[in-house]
Enquirer: 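One structure coming up, written as structure tokens, with questions to follow.
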Amino acid sequence: MTAESHKSERYNARDAEPRWQKAWDERGIFATKNDDPRQKYYVLEMFPYPSGRIHMGHVRNYTMGDVVARYKRAMGFSVLHPMGWDAFGMPAENAAIDRKVHPKTWTYENIATMKAQLKSMGLSLDWAREIATCDPSYYKHQQKMFLDFLRAGLVAREYRKVNWDPVDQTVLANEQVIDGKGWRSGAPVEQRDLHQWVFKISDYAEELLTALDTLDRWPEKVRLMQKNWIGRSEGLLIRFMLDSATAPNNESELEIFTTRPDTLFGAKFMALSPDHPLATAAAAKNPKLAAFIEECHRMGTAQAEIDTAEKMGFDTGIKAVHPFDPNWKLPVYVANFILMDYGTGAIFGCPAHDQRDLDFVNKYGLGNTPVVCPPGQDPKTFVITDVAYDGDGSMINSRFLDGMTIAQAKEDVARRLEKETRGNRPVAQRQVNYRLRDWGISRQRYWGCPIPIIHCEKCGVVPVPDKDLPVTLPEDVTFDKPGNPLDRHPTWKNVKCPQCGGPARRETDTMDTFVDSSWYFARFTDPWIANAPTDRKQVDKWLPVDQYIGGIEHAILHLLYSRFFTRAMKKTGHAGLDEPFAGLFTQGMVVHETYRKKNGDWVMPADVKIEGAEGNRRATLIATGEPVEIGAIEKMSKSKRNTVDPDDIMESYGADVARWFMLSDSPPDRDVIWSEEGVQGASRFVQRLWRLVGEIADVKAPAARPAQFGDAALAVRKAAHRALHNVSEDIARLRFNRCVAHIYECANALGDAIGEIDTAVTPDMAWALREAGDILVRLFHPMMPHLAEECWAALGHKTLVASEAWPQVEPELLVENTITLPVQVNGKKRADVTVPRDAGKTDIEAAVLALDAVKRALDGKSPKKVIVVPQRIVNVVA
RNA sequence: GCGGACGUGGCGGAAUGGUAGACGCAAGGGACUUAAAAUCCCUUGGGAGAAAUCCCGUGAGGGUUCGAGUCCCUCCGUCCGCACCA
């Protein structure tokens, strides 16, 4: 077939994309009506932080969400697909410090830029629902909920450790601590206690844990990570007596939590957190201990830093008495690896069966006694040196516990100590403990949601009355000094107490930005309501989010906080459900090669020219021709400068090419490598589809559907319907890379069919091609919506493909009359056998044994058995 | 340190425990062209063979199974999160 006239023209994305974006806009087809009676579907991508410009990670995330939204719309759902801005945060303050621009100005300029970029991607978003968390019309409601949570007992104040920069006299985020030093001052950071507001997420620990089982559309790995984060453990709380001769002041006992009470006879020492009251008391009389505790505080608060720091201990001289033997005294140490937040902040150490305890005794020469003997080991010769044993076994060296299993020993110890009392209280009691800590939300920063609290000299902590909300951020602030500008603001900070009218001071801490993102999905259901955080009718209608899509880096904190927040909103009447996200998908990162000059400077991909074939690639700097070293493929980051600007890609190739490439190369939950070759491949395919559709448009279809289809026409129909079936299934499961492969296959089949037409097109083939063309365009519409509109119009349709229904598959086109089964002999493939679709096992067996290849492989032997797996495979076992 | 994942051709990857390498990229050969671009056709895991065909092959080693890329155990390597980055 010859292509002619307009069909030989290349598809021009730069012309087509804005045109179709305008058409969608004018007809308002992505605006969602809250009174739409159809079944709802809520698809949401994690909203962006307005950092400046969108990056490729955004392109990937929002493309995936858009595919789902467009597909569900075609399936007849009323789709909610909103977008907003996670607009509070530290980078705005850094910009204010570095560039003397107000955080608000900086943020809103970024929002404007990024919104324009998102619009050029052709996303089917309902922009009427746009929200920015830094807008008082949003955070006003957050303050209201804080107060409601406070009244409901979900908020508390606690002392919490922060990173303190002693030079800048300011609190640092973990991110601002580099190798234990402040990022601006370079001074070693210290831990400091601050009085902070916390949300009592730990009250929901058990519920957040058990409800994970109901989230069957969440990735297993995310549920597992949350489970481990919550960290439920069952154990025993034991009160050890202190040897009065050695104990400071009136301290008479030490309470510890243990999950291994069975190893009590292997105990060698006790260890206290440096913040434990007993440690504080002992330090008051012991300057060396006080110095040691101070030393422990000379590091950041990040868990990884604490865990990897060298294990250190200090013998307080205090002795604890073994609960089963008044004559057995254990030394009490202060140790830097014991956390005050977990359990009671004190432990007993059993080195033989805990690696950290073993490292500790080996360092301080306290020895170890194994009390659990592994199966098959001789208890007399079993010793522990460098590797602790934490497996199963039977109890040894443990007096009355000897011979028991670990479980029996745990039970026996618990039962004995529960019965024993001291001062009317049992010596031990069983307890369930969680690793999960309450959520500290206080931040000593300006650019965040003000905490609506007033501190009065007389009345103490006084909530801001609801009628006075919002507490808005003052805009006349400067960033010329370190620290929180709210803290030194002359008028905003000083207020009258709402209760007594006396002098008072505003809470100058603002909320963690995770609070902002813990309920935005609920606000999207009705972002207009002014007198309440949510309209219950709309929240109840739209929530839960049916499909939530975002990065795996949010697997724990953001998702756990949102799950808690939704429960807290339920308790305070702002929502009616427990779980906000019914379906979750975590997408992989966008990664790229890195390039470095001889002097070690990183170079951007856009400035590099690559030559040579795979395995022999060379890179040079375009500007100077200087050679550049090609480095590892890494996450796109500003520091390595291996970023590609989505604007550049959309400018040269169009949004559809960027979208298509994002979906095509890698499974969506894995990293995708951005490459120039890949983009060009996507671009070629766009042109190929355009040519193919042009050729189909040239075919004159008969007015009526033919009664009969010849083999070639039937093959075309089968290819289209098979693609339709496969793409539908894979979109629903978010396997976009497979959708892409199916669309390639379909396009290849249609192209081949057209290529084989030598003279005139028969009416049945013409009809089949037109049908296949209509199906194909609707299939790739969710991925490449602009191209799809252009093709849809070229096929003569007057409607928008974005408003078209998803095509219907004809099931009889999916089944074949004969099937070809692979035949194995002893697990190795030797032949194929083609049998009727409904052939019985005996018929298949007979056909297989008659095959020459099978006879040869059997070499005259008779088969022991023949395994026929219907529709799958035949295996002959000799 | 703790927790979670991943590992398949030259590359990205495909494969309800059932034909390993779909689909794409890159490469090689050819057609078209004065030439290039674009496009189209063919080949492409390794080895043996003229061919039919056979042998090897999914990070390494072991195991379960008629059958393992897939399940189990041990090891190696890479990546992500760790509570004040968002």
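As a basis for the values below, the full set of heavy atoms in this structure was taken, side chains included, without hydrogen atoms, waters or symmetry mates. Model, not experiment: these values are computed from the prediction. Chain letters run A, B, ... following the sequence lines, proteins first and then strands; every chain starts at 1.
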Enquirer: Pick base, sugar-phosphate or nothing for A/Q196, based on heavy-atom distances below 4.0 Å to the nucleic acid.
Expert: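 The answer is base, as A/Q196 lies within the cut-off (heavy atoms under 4.0 Å) of a base atom.
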Enquirer: Over all strands shown, is A/W229 touching base, sugar-phosphate only, or nothing at heavy-atom distances under 4.0 angstrom?
Expert: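 Base contact.
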Enquirer: OP1 or OP2 of B/rA14 sitting under 4.0 Å from any side-chain N/O of A/N737?
Expert: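 For B/rA14, OP1 or OP2 has a side-chain N or O of A/N737 closer than 4.0 Å.
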Enquirer: Under 4.0 Å, heavy atoms only, any strand: does A/H558 hit a base, just the sugar-phosphate, or nothing?
Expert: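 Answer is nothing: A/H558 stays at 4.0 Å or more from every strand.
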Enquirer: Under a 3.5 Å cutoff, is there a donor and acceptor pairing between the side chains of A/D165 and A/S185?
Expert: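 Their side chains do contain a donor-acceptor pair, which is all the 3.5 Å distance test asks for.
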Enquirer: Reckon A/A555 touches a base, only the sugar-phosphate, or nothing at all at heavy-atom distances under 4.0 Å?
Expert: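 Result for A/A555 = nothing.
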Enquirer: With C1' as the reference atom in both, quote the distance from B/rC54 to B/rA36 in angstrom, rounded to an integer.
Expert: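 Nearest-Å result for B/rC54 against B/rA36 at atom C1': 46 Å.
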Enquirer: What does A/V171 touch in the nucleic acid at a heavy-atom separation under 4.0 angstrom: a base, only the sugar-phosphate, or nothing?
Expert: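 The answer is base, as A/V171 lies within the cut-off (heavy atoms under 4.0 Å) of a base atom.
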Enquirer: Would you say the side chains of A/T508 and A/D487 form a donor-acceptor pair under 3.5 Å?
Expert: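 Yes, side-chain donor-acceptor contact under 3.5 Å.
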Enquirer: With P as the reference atom in both, quote the distance from B/rG57 to B/rA20 in angstrom, rounded to an integer.
Expert: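 Here B/rG57 and B/rA20 have their P atoms 12 Å from each other.
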Enquirer: Which nucleotides of nucleotides 63-78 of chain B have their base under 4.0 Å from a protein heavy atom (B), which only their sugar-phosphate (S), and which neither (-), written as one string 5' to 3'?
Expert: ---BS-----------
Enquirer: Could you state the atom-to-atom distance from CD of A/E158 to P of B/rA83 in whole Å?
Expert: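 Going from CD in A/E158 over to P in B/rA83 covers 17 Å.
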Enquirer: Taking the P atom of each, how far is B/rC71 from B/rC23, in whole Å?
Expert: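 The answer is 26 Å between these two P atoms.
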Enquirer: Extract all donor-acceptor atom pairs below 3.5 Å that involve side chains of residues 172-183 of chain A and protein atoms in other chains or at least two apart in sequence.
Expert:
from   : atom 1 : to     : atom 2 : distance (Å)
A/N174 : OD1    : A/N163 : ND2    : 2.9
A/N174 : OD1    : A/T301 : OG1    : 3.4
A/Q176 : OE1    : A/A173 : N      : 2.7

Enquirer: Between A/R684 and B/rA26, does any side-chain N or O lie under 4.0 Å from OP1 or OP2?
Expert: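 For A/R684, the contact criterion (side-chain N or O under 4.0 Å from OP1 or OP2 of B/rA26) is met.
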Enquirer: By side chain to side chain contact (heavy atoms under 4.5 Å, CB included), which residues pair with A/A749, not counting sequence neighbours?
Expert: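 For A/A749, the residues satisfying side chain to side chain contact (heavy atoms under 4.5 Å, CB included) (neighbours in sequence not counted) are A/A719.
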Enquirer: Would the base of B/rC84 count as contacting A/Q444 through its side chain, where contact means a donor and an acceptor less than 3.5 Å apart?
Expert: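 By the distance-only test, yes, there is a pair.
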Enquirer: Say you pick atom C1' in B/rG21 and the same atom in B/rU43; how far apart are they, in whole Å?
Expert: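 The answer is 16 Å between these two C1' atoms.
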Enquirer: With a 4.0 Å limit, can you tell me whether A/R437 has a side-chain N or O closer than that to the phosphate oxygens OP1/OP2 of B/rA83?
Expert: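 A/R437 to B/rA83 OP1/OP2: no side-chain N or O under 4.0 Å.
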Enquirer: Quick check on B/rG24: is either OP1 or OP2 less than 4.0 Å from any side-chain nitrogen or oxygen of A/N748?
Expert: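 A/N748 to B/rG24 OP1/OP2: side-chain N or O found under 4.0 Å.
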Enquirer: Between B/rG4 atom P and A/I230 atom CD1, what is the distance in whole Å?
Expert: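 These atoms are roughly 14 Å apart.
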Enquirer: What's the CG-C1' distance between A/N163 and B/rC82, to the nearest Å?
Expert: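 Rounded to whole Å, this separation is 14 Å.
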Enquirer: Could you check whether A/G678 gets within reach of a base, just the sugar-phosphate, or nothing at all, counting any heavy atom under 4.0 Å?
Expert: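 It contacts nothing in the nucleic acid.
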Enquirer: With a non-hydrogen cut-off below 4.0 angstrom, is A/L821 in contact with a base, only sugar-phosphate, or nothing?
Expert: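 Nothing, no heavy atom under 4.0 Å.
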Enquirer: Take atom C1' in B/rC25 and the same atom in B/rG3, then report the distance between them in whole Å.
Expert: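 Per the computed distance, 36 Å lies between those C1' atoms.
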Enquirer: For A/S664, which contact category applies under a 4.0 Å heavy-atom criterion: base, sugar-phosphate, or nothing?
Expert: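 Counting heavy atoms under 4.0 Å across all strands, no contact is made by A/S664.
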Enquirer: What contact category does A/P667 fall into here, base, sugar-phosphate, or nothing, at under 4.0 angstrom with non-hydrogen atoms?
Expert: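 Answer is sugar-phosphate: A/P667 comes under 4.0 Å of backbone atoms only.
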Enquirer: What does the B/S/- profile of nucleotides 44-57 of chain B look like, 5' to 3', with a 4.0 Å heavy-atom cutoff to protein?
Expert: ---------SSSS-
Enquirer: Report the relative orientation of the aromatic rings in A/H58 and A/H55; use parallel for angles under 30°, tilted for 30 to 60°, perpendicular for over 60°.
Expert: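 Parallel: the ring planes of A/H58 and A/H55 meet at under 30°.
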Enquirer: Got more than 12 heavy atoms from elsewhere within 6.0 Å of NZ, A/K227?
Expert: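 At most 12 heavy atoms, drawn from other residues, nucleotides or ligands, come within 6.0 Å of this atom.
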Enquirer: Report the nucleotide, chosen from B/rC85, B/rC40, B/rA5, that has the shortest atom-to-atom distance to any side-chain atom of A/K221.
Expert: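 Among the listed nucleotides, the one closest to the side chain of A/K221 is B/rA5.
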Enquirer: When all nucleic acid strands are considered with a 4.0 Å heavy-atom cut-off, which category describes A/A853: base, sugar-phosphate, or nothing?
Expert: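 Nothing: the residue A/A853, judged by heavy atoms under 4.0 Å, touches no strand.
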Enquirer: How many Å lie between CD on A/Q303 and P on B/rC82, as a whole number?
Expert: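 Nearest whole value for this atom pair: 11 Å.
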Enquirer: Can you confirm whether A/V854 sits close enough to A/V825 that some side-chain heavy atom of one is under 4.5 Å from a side-chain heavy atom of the other?
Expert: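 Heavy-atom side-chain distance check passes, below 4.5 Å.
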Enquirer: Without decimals, in angstroms, what is the distance between A/D671 CG and B/rG4 P?
Expert: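 For the pair A/D671 CG and B/rG4 P, the rounded distance is 19 Å.
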Enquirer: Looking only at atom P, what distance separates B/rU19 and B/rG12, rounded to whole Å?
Expert: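 Roughly 23 Å separates the two P atoms.
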Enquirer: Using a 4.0 Å heavy-atom cut-off, does A/G551 contact any base of the nucleic acid, only the sugar-phosphate backbone, or nothing at all?
Expert: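 Result for A/G551 = nothing.
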Enquirer: In whole angstrom, give me the gap between the C1' atoms of B/rC80 and B/rG9.
Expert: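 Their C1' atoms lie roughly 27 Å apart.
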Enquirer: Base, sugar-phosphate, or nothing: which does A/F514 touch, judged by heavy atoms less than 4.0 Å apart?
Expert: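 Result for A/F514 = base.
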Enquirer: Could you check if the base of B/rG9 is syn or anti? Syn means the glycosidic torsion is within 90 degrees of 0.
Expert: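 Base orientation: syn.
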Enquirer: Using Watson-Crick and G-U wobble pairs whose two distances are both under 3.5 Å, how do you write the pairing of RNA chain B as dot-bracket, with | for links to another strand?
Expert: (((((((..(((.....[....))).(((((.......))))).((((....))))..(((((..]....))))))))))))....
Enquirer: Using a heavy-atom cut-off of under 4.0 Å over every strand shown, decide if A/S442 touches base, sugar-phosphate, or nothing.
Expert: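 Answer is base: heavy atoms of A/S442 come under 4.0 Å of a base.
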Enquirer: Would you call A/R443 and A/D509 a salt bridge, taking side-chain N to carboxylate O under 4.0 Å as the test?
Expert: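 No.
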Enquirer: Kindly compute the distance separating CD (A/Q191) from CG (A/D275), expressed to the nearest 0.5 Å.
Expert: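 So the CD of A/Q191 and the CG of A/D275 are separated by 7.0 Å.
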Enquirer: In terms of the angle between their ring planes, are A/F199 and A/F565 parallel, tilted or perpendicular, with boundaries placed at 30° and 60°?
Expert: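 Judged by the thresholds at 30° and 60°, the geometry between A/F199 and A/F565 is perpendicular.
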Enquirer: I need the CH2-C1' distance between A/W439 and B/rC82, as an integer number of Å.
Expert: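 After rounding, the gap between these two atoms is 17 Å.
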Enquirer: Below 30° counts as parallel, above 60° as perpendicular, anything between as tilted: where do the rings of A/H558 and A/Y548 land?
Expert: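 Answer is tilted, since the angle falls between 30° and 60°.
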Enquirer: Base, sugar-phosphate, or nothing for A/E745, non-hydrogen atoms under 4.0 angstrom?
Expert: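 It contacts sugar-phosphate atoms only.
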Enquirer: Which value, in whole Å, describes the distance between the P atoms of nucleotides B/rU16 and B/rA22?
Expert: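 Taking atom P in both B/rU16 and B/rA22, they lie 15 Å apart.
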Enquirer: With respect to the side chain of A/L224, which nucleotide from B/rA86, B/rC85, B/rG4 is positioned closest?
Expert: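 Looking only at heavy atoms from C-beta outward on A/L224, the closest nucleotide is B/rG4.
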Enquirer: A/I673 or A/R445: which one's nearest nucleotide on RNA chain B is closer to the 5' end?
Expert: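 Its nucleotide being nearer the 5' end, the pick is A/I673.
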Enquirer: Nearest-nucleotide wise, let me know which of A/V222 and A/S666 is further upstream toward the 5' end of RNA chain B.
Expert: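 First, find each residue's nearest nucleotide; the 5'-ward one identifies A/V222.
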Enquirer: Kindly indicate whether the side chain of A/R670 and the base of B/rC6 share any N or O donor-acceptor pair separated by less than 3.5 Å?
Expert: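 Side chain to base: no pair present.
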Enquirer: Write down the distance between CE (A/M90) and P (B/rA83), rounded to a whole number of angstrom.
Expert: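 Between P of B/rA83 and CE of A/M90: 13 Å.
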Enquirer: Indicate whether the side chain of A/T259 and that of A/S233 have a donor and an acceptor atom separated by less than 3.5 Å.
Expert: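 On atom types as modelled, these side chains do not qualify, holding no pair under 3.5 Å.
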Enquirer: Looking at A/K363 and A/E310, is any side-chain nitrogen of the basic one under 4.0 Å from a carboxylate oxygen of the acidic one?
Expert: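 Looking at A/E310 and A/K363, the cut-off is met.
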Enquirer: Would you mind reading off the distance between A/W674 atom CH2 and B/rC25 atom C1', rounded to a whole angstrom?
Expert: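 Between C1' of B/rC25 and CH2 of A/W674: 14 Å.
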Enquirer: Between A/T586 and A/P219, what is the shortest heavy-atom contact and its length?
Expert: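 Looking at all heavy atoms of both residues, the closest pair is OG1-CG, 4.0 Å.
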Enquirer: Classify the angle between the aromatic ring planes of A/F685 and A/W660 as parallel (below 30°), tilted (30 to 60°) or perpendicular (above 60°).
Expert: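 Judged by the thresholds at 30° and 60°, the geometry between A/F685 and A/W660 is parallel.
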Enquirer: Taking side chain to side chain contact (heavy atoms under 4.5 Å, CB included) as the definition, give me every residue that meets it alongside A/A335, ordered by chain and number, with sequence neighbours left out.
Expert: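 A/A271, A/F337, A/I338, A/F360.
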